[in-house]
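Per chain, numbering begins at 1; letters A, B, ... match sequence-line order. Only this structure's heavy atoms are used, side chains among them; waters, hydrogens and symmetry mates stay out.
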Protein chains: 2
Amino acid sequence: MSTLETGKPPSDKEGAAGREKSADPLMVMSVEKAFRVLSAFGRQHQTMSLSQVASVAEMDLSSAQRFTHTLTKLGFLKKDRETKRFELSSKTLDLGYHFLRGNRLVDKAMPYLMHLSKETEETVNLTMPEDTEIIFVSRFLSRHVLNTDVIVGTRMPAFCTAPGIAMLSRLPEAEAVAIIDRSNLKAHTPSTTWRREDLLVKIRQSAQQGYATAFEEFYHGDASIAAAILDHRGRPEGAVNVAVSCSRYTHDEVVSRFSSLVIAAAHAISRV
Amino acid sequence: MSTLETGKPPSDKEGAAGREKSADPLMVMSVEKAFRVLSAFGRQHQTMSLSQVASVAEMDLSSAQRFTHTLTKLGFLKKDRETKRFELSSKTLDLGYHFLRGNRLVDKAMPYLMHLSKETEETVNLTMPEDTEIIFVSRFLSRHVLNTDVIVGTRMPAFCTAPGIAMLSRLPEAEAVAIIDRSNLKAHTPSTTWRREDLLVKIRQSAQQGYATAFEEFYHGDASIAAAILDHRGRPEGAVNVAVSCSRYTHDEVVSRFSSLVIAAAHAISRV
DNA sequence: TGATGTTTTATCGACATACGATAACTTCTA
DNA sequence: TAGAAGTTATCGTATGTCGATAAAACATCA
């Protein structure tokens, strides 16, 4: 965490108001609150009235009023004139759009992903690691299986996905173990590898093979094979994977057909 | 630059304190600044040092310091420990993800888009209107033409796209005209319909036919046909379109093959 | 290698900003 | 039609943010 923590004699008047803040003097709290409002919306709460926002985002009415007003003016929230309810607007896509369009990795991976997509005719993904999770940042759907459960921006636990294991296997083992240990390990399906020891075996094996596989470890019926993309210092910065339906391939077929392709793609992207 | 603004007061107003703000007492300016920092990043500025952020986002060093710090703590920016440069992180995808996952229209359109995609084997899109622009919110690529110029979150001018015209044609004409008039009309290609009068004709025609077409009006080689989706009050809230390569279809073929399909899809989505 | 300029990190007093209570108003409900 | 519930507007004031600047890290070059 931040290196500064010192300068404040703890015994002050500040306790009076109650809130013991993180006391980070560089932190602009209003920004945090604004995002608390925005992320209060989602599948559970597609639209909310002012007072709902206040209660879901855990702030008083006045704050909710100020922040919804601000975010509406900025275009991130839309307010229905009749129902007085708020919802996220399409402008929320802008940030992610800028990220995708500016990202080095996404950019350089694109042609290789396209090639892989045409060659395999199966679903191809680019993912990036974020602590214990992976995030889908690019996606080419197979023509047959149009799965809309996963879209760009979807997160999954690293430990039970092929891209996750592939990336973990390229970290110094201590780091990988640390991530595993702070993951919420559990069986998402009957086939999930979720025990610490088993995961370590899987990671070591993946390190050796250069690819990782996952068979119905998160979604029923899904098989996936992945290889990690390394940055200039050799650290994993992403993964490319091919996802297919279990019913159409055995484990061995997946490996024999796709392993060298995903490895080659990941390798090529790594050294562009 | 997006057109939404609080309406900048032309305050050449002096300024002991300088900033004569929009004087909206409910506006939390810190939030606006935070987004100014975030949207300073993009294709031009993939990574920036602190002082670059300050200059691009037009704020003093201290502010840049506070906001980059805040945004980094919140996870939206990443800082490279050695180069000390900032870049957007994959967390920026979260907001848009919540929008997509929570949005009624996107949700109900999905099965129809998938169906259309399989039936046509061409690229299918769902777009939403935002003032003078359209935004791509869902996208199924044709297996042959993997165009990565357009991704979810991409914006285009409404006036020179099929979805844009289709939606404009469902507005009361006065409103459509107002939008046209505040658009930045210009020829993006030699084929762009960009003159006010011609656009009005096109809009009226689209209103009659129930669909709109665009042939190389924005991208060279692109043909597109679209129909608007109406909300419960009959106002356009989106559009579905099929995009193909000009080289493979004549205008008439596009119309004869796809017009009834996109109209049917849009119609079905409208009344779910 | 040390001198000099540049960028980043840390600190702090001052005061404008955002806070939050509440009043005024509007919309539902019974 | 009264009364509740929710939304919008107002306002004095404590707080949190501002922005100048000091200290430290880093880069450049004689």
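In this structure, A:K73 atom NZ and D:dT8 atom P are separated by 13 Å, rounded to whole Å. Atom CG in B:L61 sits roughly 17 Å away from atom P in C:dT11 (whole-Å rounding). Nucleotide D:dG19 holds its C1' atom 17 Å from the CD atom of B:E58, rounded to whole Å. Separating the NZ atom of A:K79 from the P atom of C:dT27 is a distance of 12 Å, rounded to the nearest angstrom. To the nearest angstrom, C1' of C:dT27 lies 14 Å from CG of A:L50. Here the C1' atom of nucleotide D:dG16 and the NZ atom of B:K33 are 13 Å apart, to the nearest Å. A:R85 places its CZ atom 22 Å from the P atom of C:dT26, with the value rounded to the nearest Å.
Nearest to the side chain of A:M29, among C:dA10, D:dT17, C:dT8, sits D:dT17. The side chain of B:S63 has D:dG19 as its nearest neighbour among C:dT11, D:dT10, D:dG19. Among the nucleotides C:dT7, D:dT7, C:dG20, the one closest to any side-chain atom of B:S51 is C:dT7. Picking from C:dT9, D:dT8, D:dG19 the nucleotide with the shortest atom distance to the side chain of B:D60 gives D:dG19.
Donor-acceptor pairing under 3.5 Å is recorded for the side chains of B:S206 and B:S169.
A:R36 is linked by a side-chain contact (heavy atoms from CB on, under 4.5 Å) to A:E32, A:K33, A:M59, counting only residues two or more places apart in sequence or in another chain. Looking at residues two or more places apart in sequence or on another chain, you find no ring pair (Phe, Tyr, Trp, His ring centres under 6.0 Å) involving A:F86.
B:F67 comes within 4.0 angstrom of the backbone, heavy atoms only, and of no base.
Along DNA chain C, the nucleotide nearest to B:T83 and the one nearest to A:E82 differ in position, and the one closer to the 5' end is contacted by B:T83. Remark on DNA chain D: of its neighbouring residues B:K84 and A:K84, the 5'-side contact belongs to A:K84, judged by nearest-heavy-atom nucleotide.
At D:dT17, one or more side-chain N or O atoms of A:S30 fall inside 4.0 Å of OP1 or OP2 (strictly under the cut-off). One finds no side-chain N or O of B:S62 lying less than 4.0 angstrom from the OP1 or OP2 phosphate oxygen of D:dT21.
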